[in-house]
Amino acid sequence: MSWLGHLDLQYSLDGRRTVALDRHHGPLRVLQRLYPEGEAICHHVLVHPPGGIVGGDVLEINAELASGTHALITTPGATRYYRSAGQPAVQQVQARLEADARLEWLPMETIAYRQCLAENRLRFDLAPGAEMIGWDLLALGLPAANDHWDRGRYTQRLELPDVWLEQAVIDAEDQRLLDSPVGWAGHKVLGTMWFTAGTALPNQQRTELLDRARATIGASTLAGLAGATAPHARTVVLRVLADRVEPAMQLLVAIRNAWRATAWQLEPQTPRIWRT
């Protein structure tokens, strides 16, 4: 049996407070609204009780952020794509930010298991004045458990309309991609992170975001495997390769904290679920 899950998140302002209304169908839930930083920022934790996505499953997450709201969305653990008998397993995320809204899309890692057929689609629409920090961290197999990703396919589509479109197919048999020094170079973890806005970033701010990211990379153990660039006037993008999830996630968290301080003058504030 396949799971079909749908979750709608609607964020609005009640005075200065970001409030959220959620509606779900199937195996997708959110924990209660949390405000560890005060009423202006709503923390939400997405929960998928089955614990993994298999062939035929379709999970859809839609988020609408009204003007002036700030939402942080994360997960309690990894998203797992398990072995498929032939049908793809699909997760689709769409978010729309109105003017001056802020979104932090910070899920834990995604794990592609052997023989998975996975599709991960992300789209973020930002109105003028809106800003977001987001990341995506993909691990191929479980190398620490000697469970190698030697069969399977993972399709990734990441879209910031009119700014950036990435559409990639990662096939376990594509050794030129996975082993080449101009590809994954034998590593099993790929992280992508971005700061984007609905209008062009001021030159000074874009430079500061790049400088903070590059300084953080330079001080990390992954200094030779990560880099940051600005492919568009509205976006700064970071890439990192690693052999394990933990050092890559540590780097993403550190850069998220630096970008938060630079762009929004906010303290780091780590979601409590990450420490449980």
Side-chain angles (χ1 to χ4, degrees), residues 52-55 57-61 75 78-84 86-95 105-126 132-143 148-196 213 217 222 224-232 234-245 247-249 251-252 255:
I53 311 174
V54 300
D57 288 357
V58 178
L59 302 182
E60 296 179 340
I61 301 165
T75 59
T79 298
R80 294 173 168 84
Y81 284 97
Y82 291 129
R83 182 175 65 181
S84 171
Q87 291 183 293
V90 179
Q91 178 175 264
Q92 181 167 294
V93 177
Q94 296 189 78
W105 174 254
L106 309 174
M108 302 301 284
E109 71 273 13
T110 297
I111 302 175
Y113 281 72
R114 178 190 284 130
Q115 293 184 265
C116 74
L117 296 175
E119 296 182 14
N120 188 35
R121 307 169 188 163
L122 307 170
R123 178 184 170 118
F124 301 96
D125 291 271
L126 279 70
M132 77 166 292
I133 297 171
W135 68 40
D136 185 86
L137 187 62
L138 172 62
L140 303 179
L142 297 169
H148 299 289
W149 197 65
D150 50 16
R151 293 181 63 190
R153 187 175 68 249
Y154 188 93
T155 302
Q156 169 100 322
R157 182 181 174 93
L158 174 55
E159 183 177 5
L160 304 172
D162 302 321
V163 175
W164 182 35
L165 173 62
E166 173 177 295
Q167 185 158 296
V169 176
I170 304 166
D171 193 297
E173 298 181 7
D174 187 352
Q175 297 306 309
R176 185 161 58 176
L177 170 65
L178 296 177
D179 294 335
S180 167
V182 295
W184 285 55
H187 301 288
K188 303 304 179 184
V189 176
L190 172 66
T192 304
M193 185 175 182
W194 61 93
F195 184 101
T196 193
I217 291 169
L222 299 175
L225 296 171
T229 186
H232 191 278
R234 289 166 48 184
T235 302
V236 174
V237 175
L238 172 134
R239 297 279 205 190
V240 59
L241 288 167
D243 295 317
R244 296 288 188 272
V245 165
M249 181 62 79
L251 179 61
L252 298 188
I255 292 173

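Using a 4.5 Å heavy-atom cutoff, the side chains of Asp136 and Gln156 are in contact. Side-chain contact between Leu238 and Leu252 is present, with at least one heavy-atom pair separated by less than 4.5 Å. Contact check for Trp105 versus Val93: side-chain heavy atoms found under the 4.5 Å cut-off. Residues Ile255 and Ile217 form a side-chain contact, since some pair of their non-hydrogen atoms from C-beta on lies under 4.5 Å apart.
For the residue pair Leu137 and Gly191, the shortest heavy atom distance occurs at CD1-CA, 3.5 Å. The two atoms that bring Ile133 and Met193 nearest to each other are CG2-CE, 3.9 Å, heavy atoms only. Residues Gly52 and Tyr82 share a closest heavy-atom pair of CA-CE1, 3.5 Å. Shown here for Leu241 and Gly183, the closest heavy-atom pair between the two residues is CD1-O, 3.8 Å. The nearest pair of heavy atoms linking Leu117 to Gly86 is CD1-O, 3.5 Å. Nearest heavy-atom pair, Met108 versus Ala78, reported as atom, atom and distance to 0.1 Å: CB-N, 4.1 Å.
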Any chance you could lay out the side chain to side chain contact (heavy atoms under 4.5 Å, CB included) test for Gln91 and Ile53, step after step, and finish with the verdict? CA-CA 8 Å; Gln91 178 175 264; Ile53 311 174; 4.2 Å; yes

Under the side chain to side chain contact (heavy atoms under 4.5 Å, CB included) criterion, do Asn120 and Thr79 qualify, and how do the steps go? CA-CA 11 Å; Asn120 188 35; Thr79 298; over 6 Å; no

Would Arg157 and Leu165 count as a side chain to side chain contact (heavy atoms under 4.5 Å, CB included) here? Give the steps. CA-CA 7 Å; Arg157 182 181 174 93; Leu165 173 62; 3.7 Å; yes

Can you list the steps and then say if Arg234 with Leu160 is a side chain to side chain contact (heavy atoms under 4.5 Å, CB included)? CA-CA 10 Å; Arg234 289 166 48 184; Leu160 304 172; over 6 Å; no

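How far CG of Leu158 is from CZ of Phe124: 7.0 Å, rounded to the nearest 0.5 Å. Here the CE atom belonging to Met249 is positioned 15.5 Å from the CZ atom belonging to Arg244, to the nearest 0.5 angstrom. Between atom CG of residue Leu178 and atom CD1 of residue Ile170 there is a gap of 7.5 Å, rounded to the nearest 0.5 Å. Summarising the geometry, atom CZ belonging to Arg239 is positioned 9.5 Å from atom CH2 belonging to Trp194; distances are rounded to the nearest 0.5 Å. Note: Glu119 CD to Asp57 CG = 12.5 Å, rounded to the nearest 0.5 Å. Taken to the nearest 0.5 Å, the CZ atom of Phe195 stands 9.5 Å off from the OG1 atom of Thr235.
For residues 170-190, the set of pairs meeting the side chain to side chain donor-acceptor pair (under 3.5 Å) definition, not counting sequence neighbours, comprises His187-Asp243.
Leu142 meets the side chain to side chain contact (heavy atoms under 4.5 Å, CB included) test with Ile111, Tyr113, Ala145, Asp147; sequence neighbours excluded.
Of the possible polar contacts, one joining the Arg114 side chain to the His148 backbone as a donor-acceptor pair under 3.5 Å is found.
Tested against Tyr81 for a side chain to side chain contact (heavy atoms under 4.5 Å, CB included), the candidates Thr110, Leu138, Val90 yield a single pass: Thr110.
Gln92 and Arg121 share a donor-acceptor pair across their side chains, judged by distance under 3.5 Å alone.
Enclosure of atom CZ in Arg83 is not indicated, since only 12 or fewer non-hydrogen atoms of other residues, nucleotides or ligands lie within 6.0 angstrom.
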